[in-house]
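Each chain gets a letter, A, B and so on, in the order the sequences are listed, and its residues count up from 1. When reading the values below, keep in mind they use all heavy atoms of this one structure, side chains included, and skip hydrogens, waters and symmetry mates.
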Amino acid sequence: MAETIKLEVVTPNGAVLSEDVDIVTAPGYGGEFGVLANHAPFLSTIKIGVMTYKKGTQAEQVMISGGFCKVSDNQITFLVESAEFGHEIDVNRALLAKERAEKRLAAARQQQEKINQVRAEAALQRAMARLRAAGNGA
Amino acid sequence: MPSLKDVKTKIQGVKKTSQITKAMNMVAASKLRGAQQKMENFRPYADQFNAAMTSLSGSMETSQFPLMESRAVQSVELVVVTSDRGLCGSFNSNILKTAEKTIKRLESEGNTVKLVCVGKKANRYFRKSGKVRKAFVDIMGNFQMYNAREIAQDVAANFLAGGSDQVQLIYGSFKSVGVQRPASRDFLPIRPVIDEAAASGTEGVDYIYEPSPTEIMDVLLPLYLNVMVYHSMLEVGASEHAARMNAMDNATKACSDIIKNLTLIYNKARQAGITAELMDIVGGAEALKG
């Protein structure tokens with residue numbers, strides 16, 4: 001049995017996940033990074049995207065948005081504003097949200113509204129991350 | 001002496017009122033449980049967040065972050081968080097009183113004061129004062145992080161643009177089911193979180209930072225504001241329900257007191273009526289005999 005690392009995902013609505021896993025892959029500031037057991041202390045910001053963890057032969061995908069993650073004492077903690085399991089995501093809703101966000105983005109670009117553009121972009125990223133986590137690669 | 005019918009109607013009216021207050025009491029109790037649960041759920045996030053902030057901010061110059069920069073204070077912004085609904089005793093008016101006092105104090109020190117009202121009650125109270133910069137209403141019912149984020153972003157943007165030099169948060173803090181107190185805390189500029197353990201150097205963990213600590217702080221500081229706003233919204237939510245529960249409990253008790261008194265009056269009036277009728281009958285019978 002390989003060594004494991006404790007994975008915790010905490011959101012403002014409570015702890016979502018607390019499990020011993022083999023490997024965690026997450027979208028960090030400088031791109032995807034993987035964490036195995038006994039990783040050195042590490043602190044990184046997290047981009048909107050898909051976090052993957054493996055436990056034995058089982059892999060699970062979780063959509064996470066904005067926050068940061070901390071690795072210390074063989075424990076990895078994600079502090080994110082929201083986290084959703086891939087199998088719990090409503091694909092149709094995410095698809096609709098993606099279309100909506102694309103429209104808003106186009107409209108905002110035309111009118112040169114900086115704030116709306118940023119918001120629409122974030123919404124689009126979230127929708128796409130959801131789809132990816134749900135396994136409907138976009 | 002009120003007539004029998006008047007008293008009876010009144011008793012029925014008060015009974016109905018007490019039914020309503022009792023129902024409201026029970027609704028508030030169950031909502032309080034929900035709100036407390038939310039606070040409970042939020043705690044690990046806040047704790048972890050503070051821990052990370054502590055380990056980061058202790059080692060850094062604060063002046064390089066615009067959100068932490070302390071300026072000479074000329075204009076102060078108050079974020080007043082109240083509930084959207086009333087009928088919860090003196091809970092909202094206590095917060096508003098504290099806000100009013102703070103405004104007076106700040107103005108006497110020569111500052112200009114602007115307000116951001118969160119919750120209908122604050123907005124109604126201050127809307128005619130001309131000090132309200134922005135109001136967020138109808139968001140206290142369901143506690144969503146994005147509501148808190150919107151408020152935090154708006155306040156921070158105004159602070160960065162120079163619209164305010166200092167921001168304070170005034171809200172109702174939840175001490176226990178029986179006790180809720182108005183409280184205020186500094187919001188902006190953000191003060192470095194200093195923990196004794198970290199300050200004395202017992203925390204020897206050397207993190208690898210990605211990106212640099214400074215850039216991480218740039219991301220964390222706005223999030224920290226979200227956390228603060230969200231926290232105060234949760235506290236106000238829980239306090240509101242606790243306060244309403246107590247207020248409605250008192251109202252129900254007052255109702256049963258009134259009903260007791262009215263029933264006494266009713267019975268007295270009824271007896272007096274019967275006695276009078278008997279006297280009439282007896283009087284009539286005597287007259288016939290004669």
Chemist: In terms of heavy-atom proximity below 4.5 Å to chain A, should B/Ile216 be classed as side chain, backbone, both, or neither?
Modeler: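 Answer is both: backbone and side chain atoms of B/Ile216 are under 4.5 Å from chain A.
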Chemist: So with a 6.0 Å cut-off around CD of A/Glu32, is the heavy-atom count from everything else above 12?
Modeler: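 Enclosed: over 12 neighbouring heavy atoms sit under 6.0 Å from CD of A/Glu32.
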Chemist: Can you confirm whether more than 12 heavy atoms, excluding those of A/Lys54, are under 6.0 Å from its NZ atom?
Modeler: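 Not buried by this count: 12 neighbours or fewer within 6.0 Å.
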Chemist: Grab the two heavy atoms, one from A/Ala40 and one from B/Ile208, that are nearest each other, plus how far apart they are.
Modeler: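 Answer, listing the atom of A/Ala40 first, then B/Ile208: CB-CD1, 3.9 Å.
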Chemist: Looking at A/Gln111, I want to see if its CD is surrounded by more than 12 non-hydrogen atoms of other residues, nucleotides or ligands under 6.0 Å.
Modeler: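 For A/Gln111, atom CD is crowded (more than 12 foreign heavy atoms under 6.0 Å).
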Chemist: Atom NZ in A/Lys70, atom CZ in B/Phe49: separation rounded to 0.5 Å?
Modeler: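 Spacing of NZ (A/Lys70) from CZ (B/Phe49) equals 11.5 Å.
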Chemist: Take a 6.0 Å sphere around CZ of B/Arg85 and say whether it holds more than 12 heavy atoms from other residues, nucleotides or ligands.
Modeler: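 No, because the 6.0 Å sphere around CZ of B/Arg85 holds 12 heavy atoms or fewer from other groups.
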Chemist: Could you tell me the separation between the CD atom of B/Gln144 and the OG atom of A/Ser82, rounded to the nearest 0.5 Å?
Modeler: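 Rounded to the nearest 0.5 Å, the CD-OG separation comes out at 11.0 Å.
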Chemist: So for B/Gln37, is it side chain, backbone, both, or neither that comes closer than 4.5 Å to the heavy atoms of chain A?
Modeler: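 Contact with chain A: none, neither part.
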Chemist: Taking atom CD of A/Glu88 as the centre, does the number of heavy atoms from other residues, nucleotides or ligands within less than 6.0 Å exceed 12?
Modeler: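 Counting neighbours around CD of A/Glu88, more than 12 heavy atoms of other residues, nucleotides or ligands fall under 6.0 Å, so yes.
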Chemist: Among A/Thr45, A/Leu79, A/Thr77, A/Val80, which has the most heavy-atom pairs under 4.5 Å with chain B?
Modeler: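 It is A/Leu79.
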Chemist: How many angstroms lie between CD in A/Glu81 and CZ in B/Arg149, if you round to the nearest 0.5 Å?
Modeler: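 Rounded to the nearest 0.5 Å, the CD-CZ separation comes out at 4.0 Å.
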Chemist: Could you check whether A/Phe68 and B/Tyr209 have their ring centres less than 6.0 Å apart?
Modeler: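 No, ring centres 6.0 Å or more apart.
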Chemist: Using a cut-off of 6.0 Å, state whether more than 12 heavy atoms not belonging to A/Arg119 lie near its atom CZ.
Modeler: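 No, the 6.0 Å shell around CZ holds no more than 12 heavy atoms from other groups.
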Chemist: Are there over 12 heavy-atom neighbours, none belonging to B/Arg71, within less than 6.0 Å of that residue's CZ?
Modeler: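 Atom CZ in B/Arg71 is packed in, count exceeds 12.
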Chemist: So which part of B/Leu234 gets closer than 4.5 Å to some heavy atom of chain A, the side chain, the backbone, both or neither?
Modeler: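 The answer is neither part of B/Leu234.
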